[in-house]
Amino acid sequence: MNYWLFKTDTEDYTIDDLKQDKKTPWTGVRNYQARNFMRDHMKKGDFVLFYHSGGTTPGIAGLAKIASASYPDPTQFDKKSKYFDEKATKEKPRWVLVDIAYAKKFKNFISISVMRNKRELQDMWALRIGNRLSITPVTKEEFEIIQLLANSQ
DNA sequence: GCCAACGTTGGC
DNA sequence: GCCAACGTTGGC
């Protein structure tokens, strides 16, 4: 069992969108490291912390689950998509994605400032200076702290 | 809107 | 294979 944090710009997609969709293919990841996490390390059933960026308050809004193994991202072949990649072929796809499924919206939204103030979360990959990866691993310990913060009064 | 940090590109 | 230039991300 692995744990992940997925970032999404709230202008594009939010936890409420995922709640409505129930499940969505996580298209558009165009970073090799993030791709490799999906391709090599994600398993159906892994937990995903759903992180909102770009909005007024960045932070973790809810929980999702990996709902598929990785497979080629169809948008890389779509000339009309902004994620189109002319160097990708169906025989040799360059980019993959996974499906994620809605699990729940957290009772407490966990803002980045709350996370930064929590000693146990100091080393979280997603909080490191200059980190721009949209998909990062989360340790079991970090995940459990987040659960506590999400459910505390 | 600013800007630091970073990944990618492309010339050499 | 180096590295400057560029574009983008994302917190503030």
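Bear in mind that the values here come from a model prediction, so they are computed numbers and not experimental data. Naming: A, B, ... by sequence-line order, numbering from 1 per chain.
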Open item on the list: If you assign each of A:Gly130 and A:Arg94 to its closest nucleotide in DNA chain B, which residue comes earlier from the 5' end?
Closed with: A:Gly130
Could you list the donor-acceptor pairs under 3.5 angstrom formed between side-chain atoms of residues 118-125 of chain A and any protein atom two or more places apart in sequence or on another chain?
residue, atom, partner, partner atom, Å
A:Gln122, NE2, A:Arg116, O, 2.7
A:Gln122, NE2, A:Lys118, O, 3.3

Open item on the list: Looking only at the aromatic ring of each residue, does the gap between the centers of A:Trp95 and A:Tyr32 stay below 6.0 angstrom?
Closed with: yes
- [ ] Return yes if some donor-acceptor pair links the side-chain N/O of A:Gln33 with the main-chain N/O of A:Leu133 below 3.5 Å, else return no.
- [x] no
TODO: Can you label the angle between the A:Trp26 ring and the A:Phe50 ring as parallel, tilted or perpendicular, going by 30° and 60°?
DONE: perpendicular
Task: Donor-acceptor under 3.5 Å (A:Thr10 side chain, A:His52 main chain) - done: no
Open item on the list: Between the side chains of A:Asp73 and A:Arg35, is the shortest nitrogen-to-carboxylate-oxygen separation below 4.0 Å, so that they form an ion pair?
Closed with: no
Polar atoms only, N or O, under 3.5 Å: list the protein pairs with nucleotides 9-12 of chain C and their distances.
residue, atom, partner, partner atom, Å
C:dG10, OP1, A:Lys7, NZ, 2.9
C:dG11, OP1, A:Tyr51, OH, 2.7

TODO: For A:Tyr3, enumerate each residue passing the ring pair (Phe, Tyr, Trp, His ring centres under 6.0 Å) test, keeping only those at least two apart in sequence or located in another chain.
DONE: A:Phe143
TODO: Would you jot down, in residue-number order, the residues of residues 71-89 of chain A having a non-hydrogen atom under 4.0 Å from DNA chain C?
DONE: none
Open item on the list: Count I, L, V, M, F, W, Y as connected when their side-chain heavy atoms are under 4.5 Å apart, and connections chain through other members. Are A:Tyr51 and A:Val138 then in the same cluster?
Closed with: yes
TODO: Give the cluster check for A:Leu149 versus A:Ile60: same hydrophobic cluster or not, with ILVMFWY residues linked at side-chain heavy-atom distances below 4.5 Å.
DONE: yes
- [ ] Return yes if some donor-acceptor pair links the side-chain N/O of A:Lys107 with the main-chain N/O of A:Asn151 below 3.5 Å, else return no.
- [x] yes
TODO: Return yes if some donor-acceptor pair links the side-chain N/O of A:Asn117 with the main-chain N/O of A:Val114 below 3.5 Å, else return no.
DONE: no
Where do N or O atoms of nucleotides 1-5 of chain C meet protein N or O atoms at under 3.5 Å, pair by pair?
none

Open item on the list: Quick check on contacts: within residues 28-41 of chain A, what sits under 4.0 Å from DNA chain B by heavy-atom distance?
Closed with: A:Asn31, A:Tyr32
Task: Co-membership, hydrophobic cluster, residues A:Val48 and A:Tyr13, 4.5 Å side-chain - done: yes
